[in-house]
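Reviewing the structure listed below.
Since the structure is predicted, the reported quantities are computational estimates derived from the model, not experimental observations. Keep in mind that the numbers below use all heavy atoms, side chains included, and drop hydrogens, waters and symmetry copies.
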Amino acid sequence: MNKTYYICKYTPVELLTALGADCANLNGMPEGFDLAEQVIHPNICGFGKALLEQVMRGHVHELVLVNCCDTIRSVYDVLQESGKLDFLYLVDMLHSDGACSRERMAPQLRGLAEAYGAYKGTTFDEAAFRRAFQPPERVAEPHLAVLGARMGDELFQMVQDAMPYPVENETCVNNRSVGQAAPPDGLDFDGLMEWYAGELLGQIPCMRMTDNTGRKQLLNDPNLRGILYHTVKFCDFYSFEYANLKQHAGVPLLKIESDYTVQSSGQLHTRLEAFAESLAPERTEGKEKKMGKGYFAGIDSGSTSTDVVILDRNREMVTGIILPTGAGAAIGAERALEEALKEAQLVREDIDALVTTGYGRTAIQEGDKSITEITCHARGAHHLDSTVRTVVDIGGQDSKVIRLDETGAVVNFVMNDKCAAGTGRFLEMMARTMEMSLDEMSLAGLKYEEDITISSMCTVFAESEVVSLIAQNKATDDIVHGLNKAVAVKTAALAKRVGGEERYMMTGGVSKNQGLVKTLEEKLGTKLVISDKAQLCGALGAALFAADMVEEG
């Protein structure tokens, strides 16, 4: 039997069940939108395209929609014209819970019952209708909540796997609360539909409802330990709620955005793990080991370089190595560790514990523990200077700003990890375009005469701008300053989002770019602390966590 899919918590699931439907929430995340973008504009919300993709691939035969927004109306129009579905219906409801809305909703329910019954060849089964009402289950222990726009099943599973607490999905269709009251006795079908209309519209409101103040109850759970706030690309409804929630949440908060593809979920893995580590720092300790020779290593596997730090039992640095990562993270890590051991005159058996970090951390098999670069950079920065409260790391493929407390724990962080804009890779490509080395580019940005603005941070478009500026015979120093300013503006915006405060430390290899450092200091209005071990900061933090894993024998 075909399942009858739905996408909205205001869908009359109990009514469909009473007409013989086997209802299921349509919430999968496809690999891409190849078929969807052939029939609809690419800039609609990712969920709308995911919905179309699954239908176009023949995975859905019966679908009941609710007029949640313009995207869903557009999807309905496309599907109606396509003829791909055996049954398609749009419930047209008002976005409020007033008497007028309830009065209008009841005929919508009767219309759906008539249409689905005719399609299925069934009649309304009141007993099945009553059985379909089940009170929603709530987590009664310390937990996290996913709020905001609906989250795909694959991404929610990733969240559950990463978090140290149980996770409750409170997004869109998932916080459906019909069933708290059983249908009253003695009503005919029309009377039941009038009562049912009130139950559907009286749920915890979504952000599409005119009055959504009832959503505040989602924050009043005494067992709530943190919030992951999810938004979908090209969907604005939930962005407004997040702006307010950021000020009043009262618990740790992480904002994530997806385009509703499996690929976009993978990009969020580091954010999720870092948030989990900030909620439960003990998760970074790993399994305790006995002290052996008294040496501890950290490997930071980045997209550009692989860094290794070895500490002694006093947590003093024995050696620090920086080598190009090369084609494979595991091979690069092995090569860098061998070089570090050679320089320290040690062998692998002398290392009591080894912690890996960086984008390639999970590919390195010989580590005792894997910890995100967010947590490791925070630990390393605090070790280098305990007065630092904000860490800026412009890495090879992402940029991040991390806010610390007085103990060095992560209070908040933001990442730019969706494209190369504003990263070390961006600067590397611009240097190549200008036929300069990174060292030459670093110095070229210190002195300039014309204050050029690079209008696009997209690597491809920025490269076109640079080529155009070169053709106009603009001075090299002026162009480089324009590039530095573009990166500095983007990084300063991240710092503002995270609530950055004095003192600021810059870590990573880009901290050697003197021109960029100077420009970023101007944008932040403060001096940056730059250690001579700045590029080793992540590996240092990893080595410190390795030392934490070992107890004196």
Original post:
If we only count heavy atoms from C-beta on, is the Val66 to Ile72 side-chain gap below 4.5 Å?
Top reply: no

**OP:** Taking the side chain as every heavy atom from C-beta outward, state whether Ile374 and Asp393 have any atom pair closer than 4.5 Å.
**Re:** no

Subject >> Ile402 side, atom CD1; Met415 side, atom CE - distance, nearest 0.5 Å >> reply: 8.5 Å

**OP:** Kindly give the heavy-atom pair with the smallest separation between Leu155 and Met29, and that separation in Å.
**Re:** N-SD, 3.6 Å

Original post:
Ignoring hydrogens and geometry, is there a side-chain-to-backbone donor-acceptor pair from Tyr165 to Arg225 under 3.5 Å?
Top reply: no

Original post:
Hey, are Asn174 and Arg150 close enough side-chain-wise for a donor-acceptor pair under 3.5 Å?
Top reply: no

Original post:
Quick one: does Gln160's side chain have a donor or acceptor within less than 3.5 Å of a partner on Pro166's backbone?
Top reply: no

Original post:
With no hydrogens and no angle check, is any side-chain donor or acceptor of Thr325 less than 3.5 Å from a backbone partner on Gly302?
Top reply: yes

If you look only at distance, which donor and acceptor atoms sit under 3.5 Å apart when one is on a side chain in residues 35-46 and the other is two or more places apart or in another chain?
| unit_1 | atom_1 | unit_2 | atom_2 | d |
| --- | --- | --- | --- | --- |
| Glu37 | OE2 | Lys49 | NZ | 3.1 |
| Gln38 | NE2 | Asp34 | O | 3.3 |
| His41 | ND1 | Asn43 | N | 2.9 |

**OP:** With rounding to the nearest 0.5 Å, note down the distance linking CG in Asp300 to CD1 in Ile364.
**Re:** 8.5 Å

Original post:
With distance as the sole test, does Asn169 use its side chain to make a donor-acceptor pair with the main-chain N or O of Ala145 at under 3.5 Å?
Top reply: no

**OP:** Would you please name every residue forming a salt bridge (Lys or Arg N to Asp or Glu O under 4.0 Å) with Arg361, sequence neighbours left out?
**Re:** Glu273, Glu373

**OP:** Would you mind checking if Arg102 and Glu194 are paired as a salt bridge, meaning a charged N to carboxylate O distance below 4.0 Å?
**Re:** no

Original post:
Looking at Phe413, is Arg403 sitting on its ring face, NZ or CZ under 6.0 Å from the six-membered ring centre and within 45 degrees of the normal?
Top reply: no

Subject >> Sidechain-backbone polar pair: Thr231 side chain, Tyr238 backbone, donor-acceptor under 3.5 Å >> reply: no

Original post:
Is any side-chain heavy atom of Leu88 less than 4.5 Å from a side-chain heavy atom of Leu65?
Top reply: yes

Original post:
Rounded to the nearest 0.5 Å, how far does CG of Asp97 lie from CG of Asn212?
Top reply: 12.5 Å

Original post:
Which pairs pass side-chain hydrogen bond (donor to acceptor under 3.5 Å, both in side chains) with one or both residues in residues 4-20, sequence neighbours excluded?
Top reply: Thr4-Glu62, Thr4-Tyr116, Lys9-Asn175, Glu14-Arg176, Glu14-Tyr196

Original post:
Taking the six-membered ring of Tyr229 as reference, does the NZ or CZ atom of Lys255 fall below 6.0 Å from its centre and within a 45° cone about the axis?
Top reply: no

**OP:** Begin with the C-alpha distance, continue with both residues' side-chain angles, and end with the deciding distance and a verdict on ring pair (Phe, Tyr, Trp, His ring centres under 6.0 Å) for Phe133 and Trp195.
**Re:** CA-CA 13 Å; Phe133 287 86; Trp195 170 85; 5.5 Å; yes

Original post:
Can you tell if the side chain of Pro252 reaches within under 4.5 Å of the side chain of Phe275, non-hydrogen atoms only?
Top reply: yes

Original post:
Taking the side chain from Thr372 and the backbone from Thr270, do they hold a donor-acceptor pair closer than 3.5 Å?
Top reply: no

**OP:** Enter the distance from Ile227:CD1 to Leu254:CG here, rounded to the nearest 0.5 Å.
**Re:** 11.0 Å

Subject >> Test item: Asp211 side-chain N/O and Thr213 main-chain N/O as donor-acceptor pair under 3.5 Å >> reply: yes

**OP:** Starting from the C-alpha separation in whole Å, work towards a yes-or-no answer on side-chain contact (heavy atoms from CB on, under 4.5 Å) for Asn513 and Leu427.
**Re:** CA-CA 10 Å; Asn513 188 318; Leu427 293 170; 4.2 Å; yes

**OP:** May I ask you to say whether Arg110 pairs ionically with Glu114, meaning some side-chain N is under 4.0 Å from a carboxylate O?
**Re:** no

Subject >> Salt bridge Arg73-Asp92, side-chain N to carboxylate O under 4.0 Å >> reply: yes

Original post:
Hey, does the side chain of Thr261 reach the backbone of Pro30 with a donor-acceptor pair shorter than 3.5 angstrom?
Top reply: no

Subject >> Check: His230 side chain, Ala149 main-chain N or O, donor-acceptor pair, under 3.5 Å >> reply: yes

Original post:
Judged by modelled atom types alone, do Thr390 and Glu501 share a side-chain donor-acceptor pair under 3.5 Å?
Top reply: no

Original post:
Sub-3.5 Å donor-acceptor pair from the side chain of Gln203 to the main-chain atoms of Ser177, do we have one?
Top reply: yes

